[in-house]
Amino acid sequence: MAERSGYEQIYRVVCQIPRGQVATYGQVAALAGIPRHARQVGYALYQVAPSSDIPWQRVVNAQGKISYSPFREGNDDFQQQLLIDEGVVFDPDGKIDLQEYQWQPTDFDLKQ
DNA sequence: AAGTTGACTATTT
DNA sequence: AAAATAGCCAACT
């Protein structure tokens with residue numbers, strides 16, 4: 001179990017994703033100050049997924065799709081509906097239009 | 001200490 | 001468009 005790390009900043013970024021918007025793993029990594037660590041972002045969320053205040057499902061891959069976790073497969077579909085509930089539109093393939101819904105953080109957001 | 005793994009991404013088939 | 005390949009780097013064994 002690997003807790004205590006720079007992951008804290010990753011969680012902070014994810015929590016700042018506005019309702020109805022999404023961010024990619026690479027984007028979160030970059031905002032957290034650790035570009036190229038997209039995989040580590042996924043790994044960080046892997047620890048926190050089940051019961052957390054963190055809207056982990058607002059983080060999707062560069063294709064605009066949900067990355068299915070190895071242990072929570074069925075849960076992923078359920079969470080996809082939560083995103084729809086937030087106003088995010090999925091294509092027939094289950095993709096999100098990143099051009100419309102990808103989070104565009106402002107300086108104000110990052111200062112929080 | 002060294003090798004394997006992975007909620008990624010970009011490139012190539 | 002979907003699948004395979006390569007590059008990536010921290011955590012895990």
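Side chains included, hydrogens not; waters and symmetry mates left out as well; all remaining heavy atoms used.
A:Phe90 places none of its side-chain heavy atoms less than 4.5 Å from the side chain of A:Lys65. Between A:Val60 and A:Leu98, the closest side-chain pair of non-hydrogen atoms falls below 4.5 Å. Contact annotation: the side chain of A:Ser69 approaches that of A:Asp76 to within less than 4.5 Å [non-hydrogen atoms, C-beta and beyond]. Put simply, the side chain of A:Ile66 reaches to within 4.5 Å of the side chain of A:Leu83, judged on heavy atoms.
For A:Ile10 and C:dA11, the CD1 to C1' distance is 12 Å, given to the nearest whole Å. A:Tyr46 has its OH atom 15 Å from the C1' atom of C:dA10, to the nearest Å. Here C:dC12 presents its C1' atom at 10 Å from OH of A:Tyr7, a figure rounded to the nearest Å. The distance from atom CG of A:Asp91 to atom C1' of C:dA1 is 14 Å, rounded to the nearest whole Å. Distance, A:Tyr68 OH to B:dC8 C1': 16 Å, rounded to whole Å.
A side-chain donor-acceptor contact under 3.5 Å links A:Gln27 and A:Gln102.
For A:His37 and C:dC9, the shortest distance from a side-chain N or O to OP1 or OP2 is not below 4.0 Å.
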Mind listing the N/O atom pairs, protein and nucleotides 5-8 of chain C, below 3.5 Å?
unit_1: C:dG7; atom_1: O6; unit_2: A:Arg39; atom_2: NH1; d: 3.4
unit_1: C:dC8; atom_1: O2; unit_2: A:Arg39; atom_2: NH1; d: 2.9
unit_1: C:dC8; atom_1: N3; unit_2: A:Arg39; atom_2: NH1; d: 3.2

Check: protein-nucleotides 9-13 of chain B nitrogen or oxygen pairs below 3.5 Å:
unit_1: B:dT9; atom_1: OP1; unit_2: A:Ala62; atom_2: N; d: 3.3
unit_1: B:dT9; atom_1: OP2; unit_2: A:Ala62; atom_2: N; d: 2.8

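Hydrophobic clustering (ILVMFWY, side-chain heavy atoms < 4.5 Å, transitive): A:Ile96 and A:Ile84 are in one cluster.
A:Tyr101 places no side-chain N or O within donor-acceptor distance of the main-chain N or O of A:Ala23, the cut-off being under 3.5 Å.
Heavy atoms from other residues, nucleotides or ligands lying under 6.0 Å from CD of A:Gln112 number more than 12.
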